[in-house]
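Written out below as structure tokens is the structure these notes cover.
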Amino acid sequence: MVPGEENQLVPKEIENAAEEPRVLCIIQDTTNSKTVSERITLNLPASTPVRKLFEDVANKVGYINGTFDLTRGNGVNTADMAPLDHTSDKSLLDANFEPGKKNFLHLTDKDGEPPQMLLEDSNNVDDSVHDRFIGPLPREGSVASTNDYVSQNYSYSSILNKSETGYVGLVNQAMTCYLNSLLQTLFMTPEFRNALYKWEFEDSEEDPVTSIPYQLQRLFVLLQTSKKRAIETTDVTRSFGWDSSEAWQQHDVQELCRVMFDALEQKWKQTEQADLINELYQGKLKDYVRCLECGYEGWRIDTYLDIPLVIRPYGSSQAFASVEEALHAFIQPEILDGPNQYFCERCKKKCDARKGLRFLHFPYLLTLQLKRFDFDYTTMHRIKLNDRMSFPEELDMSTFIDIEDEKSPQTESCTDSGAENEGSCHSDQMSNDFSTDDAVDEGICLESNSGSEKISKPGLEKNSLMYELFSVMVHSGSAAGGHYYACIKSFSDDQWYSFNDQHVSRITQEDIKKTHGGSSGSRGYYSSAFASSTNAYMLIYRLKDPTRNAKFLEVDEYPEHIKNLVQKERELEEQEKRQREIERNTCKIKLFCLHPVKQVMMENKLEVHKDKTLKEAVEMAYKMMDLEDVIPLDCCRLVKYDEFHDYLERSYEGEEDTPMGLLLGGVKSTYMFDLLLETRKPDQIFQSYKPGEVMVKVHVVDLKAETVAAPVTVRAYLNQTVTEFKQLISKATHLPADSMRIVLERCYNDLRLLSMPSKTLKAEGFFRSNKVFVESSETVDHQAAFTDSHLWKLLDRHANTIRLFVLLPEQSPGSYSKRTAYQKAGGDSGNVDDDCERVKGPAGNLKSVDAILEESTEKLKSLSLQQQQQDGDNGDSSKSTETSDFENIESPLNERGSSTSVDNRELEQHIQTSDPENFQSEERSDSDVNNDRSTSSVDSDILSSSHSSDTLCNADSAQIPLANGLDSHSITSSRRTKANEGKKETWDTAEEDSGTDSEYDESGKSRGDMQYMYFKADPYTADEGSGEGHKWLMVHVDKRITLAAFKQHLEPFVGVLSSHFKVFRVYTSNQEFETVRLNETLSSFSDDNKITIRLGRALKKGEYRVKVCQLLVNEQEPCKFLLDAVFAKGMTVRQSKEELIPQLREQCGLDLSIDRFRLRKKTWKNPGTVFLDYHIYEEDINISSNWEVFLEVLDGVEKMKSMSQLAILTRRWRPAEMKLDPFQELVLESNSVDELREKLSEISGIPLEDIEFAKGRGTFPCDISVLDIHQDLDWNPKVSTLNVWPLYICDDGAVIFYRDRTEEVMELTDEQRNELMKKESSRLQKTGHRVTYSPRKEKALKIYLDGAPNKDVAQD
């Protein structure tokens, strides 16, 4: 039990309550009526009747008593427990409840029907109360709770009922709590709400979707009249021009307030509300400078919408104790002396002066922003100041008004005191001390009209400037993020409420005091950088003036358009309520159907009302699956189906008129089963499926033809014996039961022979859905051990065979209507094909690869001619494995579902890889080849195909029959195939995976055990558009075969040896990745994967495939892919350049001499170390898989001669012209800064003492906007060498910007700056670089007046 829970729950109904035993009841709601499962606890006297228990539970959960059941659980399964009688007067003690212990009960559906919710208007509140509602509804006996408003637990059903306070909350879209706080504050402001109601929307002038005032009007009407607990704000944010991504952006509530007010002013132009914002929220102040020698004062009048108050004075560790102290500090003048002296127009010299602010006029609604967010310049982090700052409930502002200025403003106004240059100050300037680009950062720029407005003079009496607090916007969290909510006082009943998104609750004055802030302990100035606390952030006061203080409009005072809007919204809400009721009574269940013609399993979602009959549901499913023109309706029915196990649970004979709610067990959010729309042919009848039966898919195996037939479905019972099961299968397959062998595939590749006739199916491991193989031939195979039998071998092959589609290269010379059998020289076969014979000399030396390739290709061509002459002579010869294996092959599409003739048998091969020269181990150079031939990085997990662990169970999914009737599977298997040495079996040999990249030991001998792997290839006609003009193969292969053996099998079809072509795996995105690890199996491949064969020499040991890209330092895209090359260990850079020259000429059209280009290191797009001609790969230069190098064309002779030199790319910045010169390379003999300056002076003509330089940032070419480069880079670092902080230049390729320090920056007009900003933004976006390298992390808050974002990139 939760500590203190019992004390909270004990009702004080009788004096001797402590003496009577009590029963603790824990009730779990297991129905689907609510999206969140509720759990309630009741602590009742033992004498409480069961009837009273039901009443208490109904009141707690909000259900109608009598529409639900309570079942005793005590933590165990309640399926067999009888429900309690809700009318029983029997006491809990007599009903076997245990006092002093936990008694668990489950609240369940009654008779399959979900509980009925209490009506939303069942709180006895008349609709008229809602109509005239201004403040909260009265609640008798309510006790204010200090922690109600911080509760975040709620369910969807709870937001359908109005809060007990009578107020409606707002749903948080994701991170829109700041918006909700401001909207609730505006709604609770009588003057703002009434003025908004008086504004009338004109349909003819504007789209209602994009009209901000209209959407606010609708929201306020819903907040005032809706019966829901909370409503959405999506319509309001849509009118702002925001999309769903904006809901995930956190913003500042004060920033939102300013931007929203600006937007409303723009929308309300030329209306009665045009000056509403200024009338309510705008104040005025004087910004002045007074000369201390002559008394001359220059000043200007500024307006403000809020007053920003700092928490701590700059540099101080002590915060202001109260808002009053902060206000005094705000108007406290500062002395301008020393270097900060002010130039006095009267004295005509710089003089000491006093500079400050004076309040001239306070607005009707005074907004104070407590600036709790600061910036720590030592850690470079934003921080939040959680110091305590108190604020009064009533604030007297008369002490801060400048009465002197109100009576007689200074007449000696200085027109050139700086006011004109600075322009008029507005709230968006005052409230953001760090703002440097208001035109870009702020949502809408508001023009000041202080010059045309007269300063209203409030009365000078003290009471005339008394303000009362009515809204506190609270921030809970840190500078990194947090949550906003509002504490608002209602002017109707002077009661404080917490508006925390969808939760509205009463709070007290004590709760308001908790928002003053404060933290324990004495800490430093920036100690709260990541602290999280809850404190006030914005305060809104209203002037206490009975003549101006308004009340909310009554219903009869509503303008006519608001009355119409109220009626419209009420009708929409009622319609939504009816729709929810329909949804609550709709069964939603997965629906499957095997298309009777296409034989494809279709899936959909059936949504049917619980009162619809099964017959009506069948008709709905029939139309949903588009079967009207395919099959008659009476040939369809719905059956209970388990899609995971592919199991038909039961059929519904004779229940066509039964409601679906009863058949499905009520309306639930999810069901543990599915429905299948079963079809039949007109001349067939439906089979009856009874609960308790198991489904068995029976595959008939033909040992002679070596085929596995398509499955036949039978239904059996778990208590049947194996003998009875054989009789059942015999009837279905017409096979003799006496000689029948049954093999159960329990899990993937787990084959079990059912050899005990008296054993039950349950004992043998049968489940709901099963798969068996049966065979009834009278052969000696029955006498062999199962794992040595032909049957086991055939099933093992069946389980591990996958189908692959192989795209052959165009140059392939092989015949595609026939196949050539490669057989071992010296083997048992009498027909040896010399075209692929591995030839050794007397000393065992191997022929060169080129010689073998040339000889093999010539012989393959001659073989093709022989094949064309012998088309009709090979039909019978293919029956023997010792004769030629050319075959006449029909289209595989015509062979599906039928056994293959003897003339069409799979190729029987015995290839043993014993020639290491032909299978040189490839290095791990998993280079990818994309369609666009561009560089890309590939995850090693994709390219590496190591052995997977055995799959536990074989999901009996739809299988694709092979050409010989086998079913293809794609599940990784363990190596179960046995070696059958000395036998002439229809299997091919491959190497055992050794787990390394090399298949051979140091002596060159094979380390793998010989295994027999199935391989069969047929010509295939691909779909249109997929490789037109290319030749395709459909290959059925045992996925346990190694890549080396697989390539060897493909040799006759490709026409070259396996060492001279490459295998690329094609993924769903049509990206191709090379598969290079010869000793790994095809276990990572699955059915219908595509493979592309490309001609080209495969890598030998010590070779690496390298991507060569051209470096173009002064081009917009400095990196251009050229070609793939092969570099070898021990090769010099010059040798690799010699090999590249002809390739560059042929493939890229670059005719280069060996001394006119260089190779250099490439790290992503950054140029690095220059490789010198004498460098050796793997000795001087580390080389690895996926390696990339830059090729750089030289303008002249190579200047880099030694590794001690340093090649740097320099670029001159010309501030007077606002442009950057092209790159120039400097070769330094040392890392001295002085040498760098000298070389820069030499190439630019700038005097040595005027040279300033800075290191570029980011990725090459280190692009930066010309508007930022002059101030953003770290110019002229105080270092003597380049290899120290902040430069850290230790390698070639660094970028250095330099300039003439005497050159002044060009003066730009606003128009020129904006134009240049657009050009720079466009340029940097094209090159993939950001406009600035000190971007503001938070997205600027904007409201778009046309309802759509501005596409101007300059504003982004």
Side-chain angles (χ1 to χ4, degrees), residues 594 599 645-648 678-681 683-690 693-746 750-762 764-783 786 789-799 801 895-901 954 956-969:
L594 182 65
Q599 291 299 304
H645 296 101
D646 191 18
Y647 171 60
L648 298 172
E678 192 178 21
T679 60
R680 63 173 175 86
K681 295 180 180 178
D683 58 343
Q684 293 177 331
I685 60 172
F686 282 122
Q687 184 181 352
S688 177
Y689 307 137
K690 298 177 182 178
E693 292 178 332
V694 295
M695 192 166 70
V696 184
K697 290 187 176 180
V698 180
H699 295 262
V700 177
V701 180
D702 188 338
L703 289 183
K704 188 176 181 180
E706 293 190 343
T707 60
V708 179
V712 176
T713 301
V714 300
R715 294 179 74 87
Y717 290 95
L718 292 176
N719 58 0
Q720 283 182 324
T721 64
V722 173
T723 301
E724 294 170 339
F725 184 52
K726 285 183 178 181
Q727 296 294 335
L728 184 64
I729 292 178
S730 178
K731 292 179 182 179
T733 61
H734 306 293
L735 295 176
D738 297 338
S739 60
M740 185 181 293
R741 284 187 293 177
I742 302 179
V743 178
L744 170 66
E745 186 179 80
R746 294 191 299 181
D750 181 8
L751 302 175
R752 179 190 184 100
L753 181 66
L754 306 185
S755 57
M756 303 290 291
S758 59
K759 215 170 182 180
T760 64
L761 299 186
K762 184 176 182 180
E764 289 286 8
F766 277 68
F767 190 54
R768 303 174 97 187
S769 184
N770 310 273
K771 182 178 180 180
V772 299
F773 302 92
V774 298
E775 188 273 329
S776 294
S777 62
E778 297 285 350
T779 63
V780 294
D781 196 56
H782 283 250
Q783 301 172 5
F786 177 56
S789 67
H790 190 193
L791 176 62
W792 185 91
K793 186 190 303 182
L794 185 62
L795 294 179
D796 179 72
R797 183 181 80 184
H798 163 77
T801 299
E895 298 181 25
R896 291 186 182 180
S898 63
S899 61
T900 310
S901 65
N954 178 18
D956 192 12
S957 58
Q959 302 157 1
I960 303 174
L962 306 186
N964 61 353
L966 293 179
D967 289 335
S968 298
H969 294 267

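Just the heavy atoms: all of them, side chains too, but no hydrogens, waters or symmetry mates, feed the values below. Keep in mind it's a predicted model, so treat the numbers as computed, not measured.
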* Among all residues two or more places apart in sequence or in another chain, which pass the ring pair (Phe, Tyr, Trp, His ring centres under 6.0 Å) test with Phe766? ->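 Result, ring pair (Phe, Tyr, Trp, His ring centres under 6.0 Å) vs Phe766: Phe725.
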
* Asked: Under the ring pair (Phe, Tyr, Trp, His ring centres under 6.0 Å) test, which residues partner Tyr717, sequence neighbours left out?
  ->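 Listed in chain order: nothing, the list is empty.
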
Spacing of [X] atom [atom1] and [Y] atom [atom2] [to the nearest 0.5 Å]:
X      : Y      : atom1 : atom2 : value
Arg752 : Ile742 : CZ    : CD1   : 13.0 Å
Thr713 : Leu648 : OG1   : CG    : 8.0 Å
Leu744 : Leu761 : CG    : CG    : 9.0 Å

Looking at residues at least two apart in the chain, or sitting in another chain, which of them share a side-chain contact (heavy atoms from CB on, under 4.5 Å) with [X]?
X      : value
Ala737 : Lys726, Gln727, Ser730
Lys704 : Asp702
Pro757 : Thr723

* To do: Applying side chain to side chain contact (heavy atoms under 4.5 Å, CB included), run through Val743 and Leu754 and close with a yes or a no.
  => CA-CA 6 Å; Val743 178; Leu754 306 185; over 6 Å; no

* Is the shortest side-chain N to carboxylate O distance from Glu706 to Arg797 below 4.0 Å? ->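 Looking at Glu706 and Arg797, the cut-off is met.
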
Give the minimum heavy-atom separation between [X] and [Y], together with the two atoms involved.
X      : Y      : result
Pro711 : Lys697 : CB-CB, 4.0 Å
Ser776 : Pro736 : OG-O, 3.3 Å
Glu745 : Ala799 : OE2-CB, 4.5 Å
Arg715 : Leu728 : O-CD2, 3.3 Å

* Asked: Between Val701 and Leu795, is a side chain to side chain contact (heavy atoms under 4.5 Å, CB included) present by the stated rule, with each step listed?
  -> CA-CA 9 Å; Val701 180; Leu795 294 179; 4.0 Å; yes

* Side chains of Val700 and Val712: does their closest heavy-atom pair fall under 4.5 Å? ->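 No, every pair of side-chain atoms sits at 4.5 Å or beyond.
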
* Ile729 side chain near Leu735 side chain, heavy-atom distance below 4.5 Å ->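 Answer no - side chains too far apart.
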
Exam field: side chain [X] to backbone [Y], donor-acceptor pair closer than 3.5 Å:
X      : Y      : value
His699 : Ala709 : yes
Asn770 : Met695 : yes
Thr721 : Thr760 : no

* Just checking, Arg680 and Phe686: is the charged tip under 6.0 Å from the six-membered ring centre and within 45° of the axis? ->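 Relative to the ring axis of Phe686, which defines the angle, Arg680 lies inside both limits.
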
* Can you check side chain to side chain contact (heavy atoms under 4.5 Å, CB included) on Leu703 and Leu791, steps first, answer last? -> CA-CA 7 Å; Leu703 289 183; Leu791 176 62; 4.1 Å; yes

* Is the NZ atom of Lys759 crowded by more than 12 outside heavy atoms at less than 6.0 Å? ->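 Yes, NZ of Lys759 has more than 12 neighbouring heavy atoms, counting only those of other groups under 6.0 Å.
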
* To do: Give the ring-plane orientation class for Trp792 versus Phe786, where under 30° counts as parallel, over 60° as perpendicular and anything between as tilted.
  =>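 The arrangement is perpendicular - the two ring planes meet at more than 60°.
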
* side chain to side chain donor-acceptor pair (under 3.5 Å) between Tyr647 and Glu693: does it pass, once the steps are laid out? -> CA-CA 10 Å; Tyr647 171 60; Glu693 292 178 332; over 6 Å; no

* **Residue pairs involving residues 730-744 (criterion salt bridge (Lys or Arg N to Asp or Glu O under 4.0 Å); sequence neighbours excluded)** =>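 Only Arg741-Glu775, Arg741-Asp781 qualify under salt bridge (Lys or Arg N to Asp or Glu O under 4.0 Å).
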
